[in-house]
2 protein chains.
Amino acid sequence: MLSRKTKYGLKALSFLAKQEDEKPVQISVISEAENISQKFLESILLSMRKTGFLGSKKGKGGGYYLLKKPEEISIAAVYRILEGPIAMVPCVSLNFYEKCHDCPDEHQCSVHRLMVQVRDNTLSILENTTLEDFVKEN
Amino acid sequence: MLSRKTKYGLKALSFLAKQEDEKPVQISVISEAENISQKFLESILLSMRKTGFLGSKKGKGGGYYLLKKPEEISIAAVYRILEGPIAMVPCVSLNFYEKCHDCPDEHQCSVHRLMVQVRDNTLSILENTTLEDFVKEN
DNA sequence: GTTTATCCTATTAAGTCGATAGGAATAATA
DNA sequence: TATTATTCCTATCGACTTAATAGGATAAAC
């Protein structure tokens, strides 16, 4: 299941992508519009700034804004930052690979093979969906 | 991410499906073959018995056995029992639906629409894969 | 220099996960 | 019938994660 953190992050990015001008948007505005705890959202936006998705401006008239165009931000990239691996088992993850402690040989593991399929399917959706698709939909 | 519980459950079912005769298999045999903590596996098998996937026999020569043919057991069904919802957000779940507390209208939520896609894709894989496929692969 | 905002660190309560412990119940068999 | 082998059941545990909160530091605008 998706954590609230990721869900909130996606909704916030989506909100920013819908802005017509490039003025920074304050946390409080987003948190009210999207029904998200302001303090929690604060930490989420902060981490997305630190990972290069968002820019910010302090002080009066400050806030957050997208650093890239919506069509350049894939959901997969956001997911990996906020949620972590897209794969369902670590031994199938492309970006967060870990050997399973219980499998001597993962190529002989039925679960492994199945989860490769699931990963590839999910990945193709998340890689090919961008914030732009979020904006267009409404 | 898949919990160990689900992974172990799948491996255990797979192990049972590979048996040639119909004799009950003991927990200890499965736990050693698959490198799973015996006590933990015990509780997993128990819950799969209670939900109708497995039969069991007590006492000497006892153990667990499949109640259905491998080709009749879809991974989706097992997943739902052990892991829970296949959907990434509760508002998209077919079997475990819950309204999101932050969305006044889920049809206007971009995350919702995206996760419907992911769910349908994952579902089509998990519904169409059965234990039989696990056996055939090796 | 006051106001408005983000930035940063720390803390917390509740829940989940993976595992363990110990014995009760039941079946086979000697 | 006594013994052994197995599942059954309940309870507990420590470690970790999640979602949220608190409080002040920093920076920019005016």
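Below, chain A is the first sequence line, B the second, and so on; all start at residue 1.
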Per the side chain to side chain contact (heavy atoms under 4.5 Å, CB included) rule, which among A:Arg4, A:Glu34, A:Lys7 passes with B:Asp102?
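Exactly one option meets the side chain to side chain contact (heavy atoms under 4.5 Å, CB included) with B:Asp102, and it is A:Lys7.
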
May I ask you to verify whether the side chain of B:Lys39 and the base of C:dG18 hold a donor-acceptor pair under 3.5 Å?
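Side chain to base: no pair present.
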
On DNA chain D, compare the nucleotides closest to A:Gln38 and A:Gly59; which residue's is nearer the 5' end?
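Nearer the 5' end of the strand: A:Gln38.
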
Where B:Ser31 and B:Ser28 come nearest, the two heavy atoms and their spacing:
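Smallest interatomic distance, heavy atoms only, reads OG-O, 3.3 Å.
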
Starting at atom [atom1] of [X], determine the distance to atom [atom2] of [N], rounded to an integer number of angstrom.
X	N	atom1	atom2	answer
B:Asp102	D:dA19	CG	P	11 Å
B:Leu2	C:dG18	CG	C1'	14 Å
B:Glu42	D:dA5	CD	P	16 Å
B:Tyr8	C:dA19	OH	C1'	9 Å
B:Ile44	C:dA19	CD1	C1'	10 Å
B:Ile30	D:dT6	CD1	P	13 Å
A:Phe40	D:dA19	CZ	C1'	5 Å
B:Tyr64	C:dA27	OH	P	14 Å

Starting the side chain at C-beta, find the nucleotide from [options] nearest to [X].
X	options	result
B:His101	D:dA20, C:dG18, C:dC8	D:dA20
B:Lys58	C:dA25, C:dC8, C:dA19	C:dA25
A:Ser56	C:dA19, D:dA20, C:dT6	C:dT6
A:Gln26	C:dG22, C:dA19, C:dA5	C:dA5
B:Lys5	C:dG18, C:dA25, C:dA19	C:dG18
B:Ile27	C:dG18, D:dT7, D:dA20	D:dT7

Working for side chain to side chain donor-acceptor pair (under 3.5 Å), residues B:Ser3 and B:Thr6
CA-CA 5 Å; B:Ser3 65; B:Thr6 304; 3.2 Å; yes

Please work out if A:Lys7 contacts a base, only the sugar-phosphate, or nothing of the nucleic acid, heavy-atom cut-off 4.0 Å.
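It contacts nothing in the nucleic acid.
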
Using a cut-off of 4.0 Å on non-hydrogen atoms, how would the nucleic acid contact of B:Leu45 be classed: base, sugar-phosphate, or nothing?
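No contact.
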
Distance below 4.0 Å between [X] side-chain N/O and [N] OP1 or OP2:
X	N	value
A:Lys50	C:dC8	yes
B:Ser37	C:dT20	yes
A:Arg4	D:dA20	yes
B:Arg49	D:dC9	yes

Can A:Glu127 and A:Arg80 be counted as an ion pair, charged N to O under 4.0 angstrom?
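Result for this pair is yes, salt bridge flagged.
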
Would you mind listing the cluster partners of B:Tyr65? Hydrophobic ones only (ILVMFWY), side-chain contacts under 4.5 Å, chaining allowed.
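For the cluster that includes B:Tyr65, the remaining residues are B:Leu67.
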
Give a yes or no on whether the backbone of A:Ile125 and the side-chain of A:Thr129 come within a donor-acceptor separation of less than 3.5 Å.
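Flag set: sc A:Thr129 to bb A:Ile125 pair under 3.5 Å.
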
